[in-house]
Each structure stands twice: as structure tokens, then as C-alpha cells.
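The structure appears below as C-alpha cells.
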Amino acid sequence: MEVGLGLGLGLCQLLQVAAALALLLLLLVIIVAHVTAGMVDQTRAEQEKHFLTASGNKEPFPSLFDPHSRELSVVVPSYNEESRLPVMMEEAMEYLEKRQKKNPSFTYEVIIVDDGSKDGTTEVGLGYTRKYGADKVRVLTLKKNRGKGGAVRMGTLSSRGRLILMADADGATKFGDIEKVEAGLENLSPKPENMAISCGSRAHLEKESVAQRSLFRTFLMYGFHFLVWFFCVKGIKDTQCGFKLFTREAALRTFSSLHVERWAFDVELLYVAQCLKIPIAEVAVNWTEIEGSKLVPFWSWLQMGRDLVFIRLRYITGAWRLESPRKTQ
């Protein structure tokens, strides 16, 4: 009996030590998250303030703070995409040109954001500027690589559209599905201060993707989905589809608070939107996996998992706050 009592006390002490260590670890993570939280530098290098016209002249980019002058802006983040970008652009421009011919009041622009590429991405983009004119296609070449989130933010802040679409350079989502995403946006009601977001979604393809993935990648996928739900975003099944449509007002409010510039930036955007009570629609789109992804399965998922934890902790501790929109140079 004494032996059993001793074992019980020993187990109790062990559990107390384990709980104390877990609490200490949690406090350490919170401290690290708070101390390492930095504000994103939104200032532009001189070359990032201008775009080139078809004739090679420099013109200043407008600002998201200005009133809209186009119906739609398409922001295409591109890093080393000289081989995949033409396929996406051909499909997008064909759709946009046909839509404009059917409805002359429909105006658009495409902003290709070269995120510090080491290949000919900028030159490929400028080829479309020369073909369609700088009023329709502009290239924003970043001085250094910021990450997909940083590229999307810089392009969005330079846009003129009443609506702003984020579209990946690989063309994985059928561009014509913008009509589905637009319908999802228009069906949202009410729109406080005209703010609303519509997200393309691949959630309906999940069963098929699980069948084609390895057990390890399936585990990573479900683990990521759980972390997104637990720490940040509720009610959105697919936060990572690179096909999202914002009203100009929603883009200004959410991108002004964006801190994460790498792969998890979508999650922070939607987290901020939900904190601000911005209505969000999720719409099924056609999606095809395209070779050449910059996502390294294990390490990218690990980085995103860390970012998800830090996003929540940094907002909770006040290291990050929901920022009011402010114009930057």
C-alpha cells in the first residue's frame, strides 16, 4: 500500500513538473512571438514607384487611396515565372478583352508584380505592356524578393480597380471563374462601408487530392487546416487558393494591417477581415495543379504552421494591431 501511495505521489509530482514545463514553454513562445514581431516596411524603392509604358517611358503608379478609375484590377504576384506566366496571361487577356468588347463600359488593368525574380519575368510582362498598352498591363518590379504576400500587397496598393482580384501566375484557376467569384461577392449583404471579400475555393476537390497525395502530405494538409481553424480563421475551408476578390474598400482596410509577407499571408488577411466583421464568401472554382510550384512541401508547411501560431499570439499580445489605412511613399 505504501508503495502504491509512493507511486501515486511520484506520478502527481511528475504531472506537476510537466504542467509547469508546458506553461514555461508557452510563456517562452509568447515572449519570442512578441519580441520578434516587426512592422513591415512599406516604403518603396525608387524603381518601385514607376512603371514603363509601351514606349519605355516612366510613369508613376497610382495609389489605392485614390478613387477607383477602373472596374477591375488583376494583381499577379510572380517570382521566376517566365515560363508559366505567358499561359496564364494569354487566358486572362483573352477573357478580359472579350468581356470588354461585349461590354465597353467594363474597364480593367493587370498588374504583374515581379517579386525580385532572377529570370526574365519582367521582360515577359513588358511584352504584354507593348502588346496591349500600359493602360491595360503594367509591370511592378520589386527591388528585392518580399514573398508572395508582399508582392500582392505592393500590387494592390498600386491598383485602380473598384474590384481587385488576386490571381496566381501559374494559371491553376480557370480565369473565367472570376464570374463565379464576382457573383459570390455581389450576393454578400450587407456590405459594411462597402467592404466584402470573395474567395475562390478548392475544398470541393479535397477528396480527389487526398487520393493522389502521399500519406505524409495528406497529414501535413490536414494539420495545416486544423491550425488555421484553431488559431486564426473560422468558417473558410480553403484559405490558400490564390484567387481572391476584394472590394477596393476591403483591400485598403485589410492590406493596411498585413504583416506576413510569405505563404501564410492569406490567413492573416482573412483573420483581419473576420476581426473587422468584413463579410467573406467562399466559392468553388475549377483548379488544376500546375508543375513548377515554389512551395517546398515540408519546410513551407513548417514555416506556415509557425506563422499561424505567431499571427494569433502577436495580435493577442498587442505586438500587432489592426492598422488604420495610411498612405506611404
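Everything quoted here is computed from the prediction, not taken from an experiment. As a basis for the values below, the full set of heavy atoms in this structure was taken, side chains included, without hydrogen atoms, waters or symmetry mates.
A salt bridge between Arg130 and Glu123 is present, with a side-chain N of the basic residue lying under 4.0 Å from a carboxylate O of the acidic one. One finds a salt bridge joining Glu94 and Lys98 here, because a Lys/Arg side-chain nitrogen approaches an Asp/Glu carboxylate oxygen to under 4.0 Å. Ion pair Lys148/Glu261 not flagged as a salt bridge, since none of the NZ, NE, NH1 or NH2 atoms sits closer than 4.0 Å to an Asp/Glu carboxylate oxygen.
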**Request:** Please report the C-alpha distance between Lys58 and Gln47 in whole Å, then the side-chain angles of each, then the deciding distance to 0.1 Å, and finally whether the side chain to side chain donor-acceptor pair (under 3.5 Å) criterion is met.
**Result:** CA-CA 10 Å; Lys58 286 184 179 181; Gln47 74 180 56; over 6 Å; no

**Item:** Criterion side chain to side chain donor-acceptor pair (under 3.5 Å) on Glu282 and Ser201, from CA distance to verdict
**Value:** CA-CA 6 Å; Glu282 187 172 15; Ser201 175; 2.9 Å; yes

**Request:** Let me see the working for Asp115 and Lys144 under salt bridge (charged side-chain N to carboxylate O under 4.0 Å, His left out), right down to the final yes or no.
**Result:** CA-CA 7 Å; Asp115 189 22; Lys144 63 178 181 179; over 6 Å; no

**Prompt:** Given the rule in the side chain to side chain donor-acceptor pair (under 3.5 Å) test, do Asn194 and Thr247 qualify, once you have shown the distances and angles that lead to the verdict?
**Reply:** CA-CA 7 Å; Asn194 200 39; Thr247 62; 5.0 Å; no

**Prompt:** Should Arg262 and Asp307 be marked as a salt bridge (charged side-chain N to carboxylate O under 4.0 Å, His left out) after you check the CA-CA gap, both sets of side-chain angles, and the distance that decides it?
**Reply:** CA-CA 9 Å; Arg262 298 288 167 181; Asp307 286 344; over 6 Å; no

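In this structure the side chain of Arg44 reaches within 4.5 angstrom of the side chain of Leu157, judged on heavy atoms. Residues Leu72 and Leu96 have side chains in contact (heavy-atom distance under 4.5 Å, counting atoms from C-beta outward). Looking at Leu140 and Met154, their side chains come closer than 4.5 Å, going by heavy atoms from C-beta outward. For the pair Phe231/Val267, no side-chain contact is recorded, criterion being any heavy-atom separation below 4.5 Å from C-beta on. The shortest side-chain heavy-atom distance between Val272 and Leu276 falls under the 4.5 Å cut-off. The shortest side-chain heavy-atom distance between Lys118 and Asn80 falls under the 4.5 Å cut-off. Considering only heavy atoms from C-beta on, Leu64 comes within 4.5 Å of Ile164 through its side chain. Within the 4.5 Å cutoff, the side chain of Val139 has no heavy atoms near those of the Leu52 side chain.
A distance of 8.5 Å separates OG1 of Thr43 from CD of Glu48, quoted to the nearest 0.5 Å. Within the model, atoms CD of Glu268 and CZ of Arg314 stand 9.5 Å from one another, a figure rounded to the nearest 0.5 Å. The OG1 atom of Thr156 sits 4.0 Å away from atom CZ of Phe255, with the distance rounded to the nearest 0.5 Å. Here the straight-line distance linking atom CG of Asp238 with atom CZ of Arg202 works out to 4.0 Å at 0.5 Å rounding. Put simply, SG on Cys232 and CD1 on Ile311 are 4.5 Å apart, with the number rounded to the nearest 0.5 Å. One distance of note links CZ of Arg153 with OG of Ser257; it measures 11.0 Å at 0.5 Å rounding.
Within the structure, ring-ring contact (aromatic ring centres under 6.0 Å, His included) pairs that include any residue of residues 156-200 comprise Tyr95-Phe175 (at least two apart or interchain). Note on residues 142-165: no pairs pass ring-ring contact (aromatic ring centres under 6.0 Å, His included), not counting sequence neighbours. Annotation: ring-ring contact (aromatic ring centres under 6.0 Å, His included) contacts involving residues 141-165, sequence neighbours excluded, are absent. Contacts classified as salt bridge (charged side-chain N to carboxylate O under 4.0 Å, His left out) and involving residues 181-201 (residues at least two apart or in different chains) are given here: Arg99-Glu182. Applying the ring-ring contact (aromatic ring centres under 6.0 Å, His included) rule to pairs touching residues 106-146 yields nothing, sequence neighbours excluded.
Clustering ILVMFWY residues whenever any of their side-chain heavy atoms sit less than 4.5 angstrom apart, transitively, puts Phe226 in the very cluster that holds Val228. Follow the hydrophobic side-chain contacts under 4.5 Å out from Leu269 and you never reach Ile316; the two are in separate clusters. Both Leu258 and Val152 are members of a single hydrophobic cluster when ILVMFWY side chains are connected at heavy-atom separations under 4.5 Å. A continuous path of hydrophobic side-chain contacts links Leu308 to Phe230 [ILVMFWY only; heavy atoms under 4.5 Å]. Transitive grouping of hydrophobic side chains (ILVMFWY, heavy atoms separated by less than 4.5 Å) keeps Val233 and Val283 in distinct clusters.
A search for side-chain contact (heavy atoms from CB on, under 4.5 Å) contacts involving Ile280 returns Ile197, Cys199, Ile236, Leu270, Ala273, Gln274, not counting sequence neighbours. For the side-chain contact (heavy atoms from CB on, under 4.5 Å) test, residues two or more places apart in sequence or in another chain that qualify with Ser69 are Arg160. Remark: Tyr271 pairs with no residue by the side-chain hydrogen bond (donor to acceptor under 3.5 Å, both in side chains) rule, at least two apart or across chains. In terms of the side-chain hydrogen bond (donor to acceptor under 3.5 Å, both in side chains) criterion, Glu91 has no residue partners (sequence neighbours excluded). Residues satisfying the side-chain contact (heavy atoms from CB on, under 4.5 Å) criterion with Ser189, sequence neighbours excluded, are absent altogether. Partners of Lys180 according to the side-chain hydrogen bond (donor to acceptor under 3.5 Å, both in side chains) rule, which considers only residues two or more places apart in sequence or in another chain, do not exist here. Applying the side-chain hydrogen bond (donor to acceptor under 3.5 Å, both in side chains) rule to Gln240 yields no partners; only residues at least two apart in sequence or on another chain are considered.
Pro86 and Val124 get closest at one heavy-atom pair: CG-CG1, 3.9 Å. Considering every non-hydrogen atom in both Ser73 and Ser159, the closest pair reads OG-CB, 3.5 Å. Of all heavy-atom pairs between Val74 and Ala167, the closest is CG1-CB, 4.1 Å. Summarising the geometry of Glu81 relative to Asp119, their closest heavy-atom pair is N-OD2, 3.3 Å, with the distance given to 0.1 Å. Between Ile112 and Gly125, the closest heavy-atom pair is CD1-CA, 3.7 Å. For the residue pair Leu188 and Ala281, the shortest heavy atom distance occurs at CD1-N, 3.7 Å.
At a cut-off of 3.5 Å, with distance as the only test, no side-chain donor of Ser63 or Asp66 sits close to an acceptor on the other residue. No side-chain donor-acceptor contact under 3.5 Å links His50 and Glu59. Remark: the Thr107 side chain and the Glu71 side chain contain no N/O donor-acceptor pair separated by less than 3.5 Å. Looking only at atom types and distance, the side chain of Arg84 has no donor-acceptor partner in the side chain of Thr121 under 3.5 Å away.
Listed for the Asp168 side chain is no donor-acceptor partner under 3.5 Å among the backbone atoms of Asp170.
More than 12 heavy atoms of other residues, nucleotides or ligands shown are found within 6.0 angstrom of NZ on Lys234.
Taking the ring axis of Phe51 as reference, the NZ or CZ atom of Arg138 stays within 45° of it and closer than 6.0 Å to the ring centre.
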